[in-house]
A.B. asks: 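Got a structure for you, questions after.
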Protein chains: 4
Amino acid sequence: MRKKDDEKQKCIKNAVVQLILEEGFQGASVSKIAKAAGVSPATVYIYYENKDAMLRDIYQEYTEDTISYLLQCLSPNMTGDEIIAELIRRYYYFIIENKEIFHFIEQFSGCPVLQSSCGVMRGPADLTQLLTELKRRQILNNYNNDNLYAILFSPVKSIAVKPCETEQMESERLDELIGIIQRILIKDI
Amino acid sequence: MRKKDDEKQKCIKNAVVQLILEEGFQGASVSKIAKAAGVSPATVYIYYENKDAMLRDIYQEYTEDTISYLLQCLSPNMTGDEIIAELIRRYYYFIIENKEIFHFIEQFSGCPVLQSSCGVMRGPADLTQLLTELKRRQILNNYNNDNLYAILFSPVKSIAVKPCETEQMESERLDELIGIIQRILIKDI
Amino acid sequence: MRKKDDEKQKCIKNAVVQLILEEGFQGASVSKIAKAAGVSPATVYIYYENKDAMLRDIYQEYTEDTISYLLQCLSPNMTGDEIIAELIRRYYYFIIENKEIFHFIEQFSGCPVLQSSCGVMRGPADLTQLLTELKRRQILNNYNNDNLYAILFSPVKSIAVKPCETEQMESERLDELIGIIQRILIKDI
Amino acid sequence: MRKKDDEKQKCIKNAVVQLILEEGFQGASVSKIAKAAGVSPATVYIYYENKDAMLRDIYQEYTEDTISYLLQCLSPNMTGDEIIAELIRRYYYFIIENKEIFHFIEQFSGCPVLQSSCGVMRGPADLTQLLTELKRRQILNNYNNDNLYAILFSPVKSIAVKPCETEQMESERLDELIGIIQRILIKDI
DNA sequence: GATGAATGAGAGTTCATTCAT
DNA sequence: TATGAATGAACTCTCATTCAT
């Protein structure tokens with residue numbers, strides 16, 4: 001009984017991100033979402049207050065999931081180089097393998113009017129805290145947090161959505177980017 | 001007969017980007033756009049074939065404008081440091097001063113289903129050519145073009161949309177970012 | 001959930017033929033139809049895929065109904081005179097008592113662009129078969145099917161829509177027509 | 001100067017009947033008509049008061065033309081058989097060769113709401129007068145005028161719009177119909 | 001909890017018509 | 001006279017949401 005509910009909600013979430021990737025926000029009507037999820041439109045309103053709340057909730061959930069997935073790869077005794085390499089590499093493959101989720105988060109977070117309805121989230125705060133901590137431990141250079149964040153995560157997003165011709169080229173490109181960013185961000189001794 | 005009124009088309013374009021910034025793609029209906037532009041809904045269809053074509057045309061126009069605006073700052077005898085500083089700084093202030101246009105371009109280009117309707121554009125090709133040329137002249141390090149592009153333009157976008165508390169802090173943050181990227185990209189001698 | 005309401009679909013059908021009689025195809029907009037049927041415009045689209053499909057479906061349904069209503073009056077042991085008299089008389093009064101339906105069918109079937117969207121229907125085939133059969137049994141003269149059809153059904157339609165001053169005159173006019181057509185079509189012995 | 005005007009109006013008339021044949025009344029908007037006629041929408045309003053008046057005027061003109069074309073074939077010393085044969089044959093080929101005009105007249109005259117805006121016309125009165133005259137001269141049987149009219153003109157319309165496989169078959173079918181109607185209507189001596 | 005029917009509001013678009021040239 | 005631009009009204013259709021079962 002409990003299980004069935006969760007599966008329905010999962011279907012809805014999948015349908016949302018899938019549809020938005022394929023047809024854009026415009027094309028993701030409640031009826032289409034319901035049809036794609038294999039439920040009735042009315043059922044959607046059992047799990048979510050309304051459409052805006054649905055998008056917002058799904059956004060927040062996926063955002064938290066994504067960040068905590070990224071942070072899972074870290075362990076206390078890693079070197080700075082390892083931390084950077086792991087974060088970037090993990091993010092890169094997450095994007096590749098979860099196109100719909102990534103696309104949904106990006107589109108949503110890029111829209112002020114949607115963002116404004118979201119409360120504070122845990123994940124982004126954890127990320128900022130991580131960066132601050134790494135600076136405190138003299139692992140990262142003492143750059144402005146916004147700059148750190150921007151250099152660490154923007155370029156990898158940028159290349160992850162541009163496929164190369166071969167997998168090997170993609171791999172080399174990623175390694176090169178990791179090397180560059182390590183050289184910038186890691187505290188010179 | 002009346003002549004087609006360029007002023008009117010400008011109003012429509014302004015209304016589109018303004019509305020999409022304030023209310024998102026969802027909120028930018030043709031009627032709202034027309035009202036904001038001070039014309040009748042039917043008038044929109046004199047200047048654009050349909051709504052999709054309107055968004056696409058405006059996107060392509062603003063994209064070309066933006067890139068050619070960026071490239072205008074370059075002159076043949078600049079050093080690598082100057083080129084990077086100028087490009088990033090110019091882009092940064094362009095974003096700050098043209099929030100609506102930047103936001104519109106980002107939202108549009110981030111949506112595959114919209115992008116797919118666009119033909120090839122000149123601006124992006126010019127940018128790629130510039131990077132290739134700078135590598136050939138041994139001004140930039142010989143990194144993968146995608147990486148060069150990602151490092152040069154993604155971080156500045158990321159920070160430009162996060163306002164600081166004071167203008168001075170913003171200015172320092174930008175200078176820091178420029179310094180970092182110069183150090184990464186400029187050919188070590 | 002509610003069950004689909006046959007009553008509602010009947011209301012829509014009535015509204016369609018009524019409105020088209022009163023205001024022509026031009027005046028029969030979906031909103032007017034919905035209002036006349038006492039439902040919301042959106043409800044129409046639950047029962048029909050779109051406006052064209054609605055008109056087509058209703059046309060086909062009424063056409064089949066009409067023809068099968070006509071053929072109901074026939075029984076195996078009738079003479080040729082009786083068959084002709086019954087068919088014409090029945091058709092005449094059907095038209096008089098179902099003006100809207102008849103008018104709708106005529107207007108629709110007279111428009112090639114509408115007709116072309118219809119698949120083959122049963123009724124017309126049954127009619128042709130009837131005529132062929134009656135010729136085979138040497139009840140009707142061996143005229144071309146098109147001519148038989150034209151003489152049997154066109155004149156009665158023509159007079160049915162022209163009201164006379166008194167009912168008696170109408171009745172005499174109809175009897176006269178029946179007599180004429182019997183004399184033409186019935187196999188001389 | 002004068003000639004050019006008349007040609008424009010002719011273009012409009014042609015465009016109207018052509019478009020209505022191809023796309024139905026629904027598809028014949030003023031803009032489409034104007035485009036098909038090679039003029040501006042505004043120009044239409046120089047020649048006609050509004051759209052309804054345009055359709056009505058064109059209908060009346062074509063109706064008069066058609067009837068007077070039919071009557072032209074008659075001459076005082078023709079026999080009854082010749083009169084009937086000529087009228088039917090001429091009508092038949094007129095329909096074949098002027099599909100658009102015939103279709104337009106039929107659709108228009110079949111719609112009460114359109115008909116009601118028309119004043120009395122000369123042609124139909126002439127036709128009725130002809131029939132009355134032929135009865136007076138004991139050429140036609142003394143049937144009710146509506147019946148005479150119905151038998152003389154409805155069947156030929158019915159077959160004229162159903163093409164046969166070969167021209168010869170069409171010709172035979174027409175001859176047969178003419179024969180039948182002659183036998184019905186011509187005063188037995 | 002789950003559903004398909006039902007809906008008012010609003011979407012994109014075209015209409016018949018007029019205006020300014 | 002003739003035009004293409006311009007428009008408010010109306011079009012077809014879909015939306016997010018609720019209702020009755």
A.B. asks: Give the ring-plane orientation class for B/Tyr59 versus B/Phe104, where under 30° counts as parallel, over 60° as perpendicular and anything between as tilted.
C.D. replies: perpendicular
A.B. asks: In this structure, how many angstroms lie between the P atom of E/dA11 and the CZ atom of B/Phe25, rounded?
C.D. replies: 16 Å
A.B. asks: For residues 56-66 of chain A, pull every pair meeting salt bridge (Lys or Arg N to Asp or Glu O under 4.0 Å), keeping only residues two or more places apart or in separate chains.
C.D. replies: A/Lys13-A/Glu61
A.B. asks: List in chain and number order the residues that pass ring pair (Phe, Tyr, Trp, His ring centres under 6.0 Å) with B/Phe94, two or more places apart in sequence or in another chain; answer none if no residue qualifies.
C.D. replies: B/Tyr69
A.B. asks: Which pairs of donor and acceptor atoms, one on a side chain in residues 27-36 of chain D, lie under 3.5 Å apart (sequence neighbours left out)?
C.D. replies:
residue: D/Ser29; atom: OG; partner: D/Lys32; partner atom: N; Å: 3.2
residue: D/Lys32; atom: NZ; partner: D/Glu23; partner atom: OE1; Å: 3.3
residue: D/Lys32; atom: NZ; partner: D/Gly27; partner atom: O; Å: 3.4

A.B. asks: Atom CD of B/Gln9 to atom P of F/dG4: distance rounded to whole Å?
C.D. replies: 18 Å
A.B. asks: Report the distance from atom NZ of A/Lys35 to atom C1' of E/dT3, rounded to the nearest whole Å.
C.D. replies: 14 Å
A.B. asks: Check the distance between E/dG1's P and A/Tyr48's OH and give it to me in whole angstrom.
C.D. replies: 15 Å
A.B. asks: Can you identify which nucleotide, out of E/dG1, F/dA2, E/dA6, has its nearest atom closest to the D/Lys8 side chain?
C.D. replies: F/dA2
A.B. asks: Atom CD of residue position C/Glu49 - does it have more than 12 heavy atoms of other residues, nucleotides or ligands inside 6.0 Å?
C.D. replies: no
A.B. asks: For the pair A/Thr66 (side chain) and A/Tyr62 (backbone), establish whether a donor and an acceptor sit closer than 3.5 Å, ignoring hydrogens and angles.
C.D. replies: yes
A.B. asks: Applying side chain to side chain donor-acceptor pair (under 3.5 Å) as the test, list every pair that has at least one member in residues 99-111 of chain B; sequence neighbours left out.
C.D. replies: B/Glu106-B/Lys157
A.B. asks: Rounding to an integer number of Å, can you tell me how far A/Ile46 CD1 sits from F/dT18 C1'?
C.D. replies: 12 Å
A.B. asks: Both distances under 3.5 Å, Watson-Crick or G-U wobble: on that basis, could you give the dot-bracket string for DNA chain E, with [ ] for crossing pairs and | for other-strand partners?
C.D. replies: .||||||||||||||||||||
A.B. asks: How many Å lie between CD on D/Glu7 and P on F/dA2, as a whole number?
C.D. replies: 11 Å
A.B. asks: Taking only the side-chain nitrogens and oxygens of A/Tyr47, find out if one of them lies under 4.0 Å from OP1 or OP2 of E/dA2.
C.D. replies: yes
A.B. asks: Whole-Å distance between E/dC15 C1' and D/Met54 CE?
C.D. replies: 13 Å
A.B. asks: A/Tyr45 and A/Asn50: which non-hydrogen atoms are nearest, and at how many Å?
C.D. replies: CE2-CA, 3.8 Å
A.B. asks: Could you encode protein contacts along nucleotides 10-17 of chain F as a string, one character per nucleotide from 5' to 3', using B for base contact, S for sugar-phosphate-only contact and - for no contact, with a heavy-atom cut-off of under 4.0 Å?
C.D. replies: -SBBBBSB
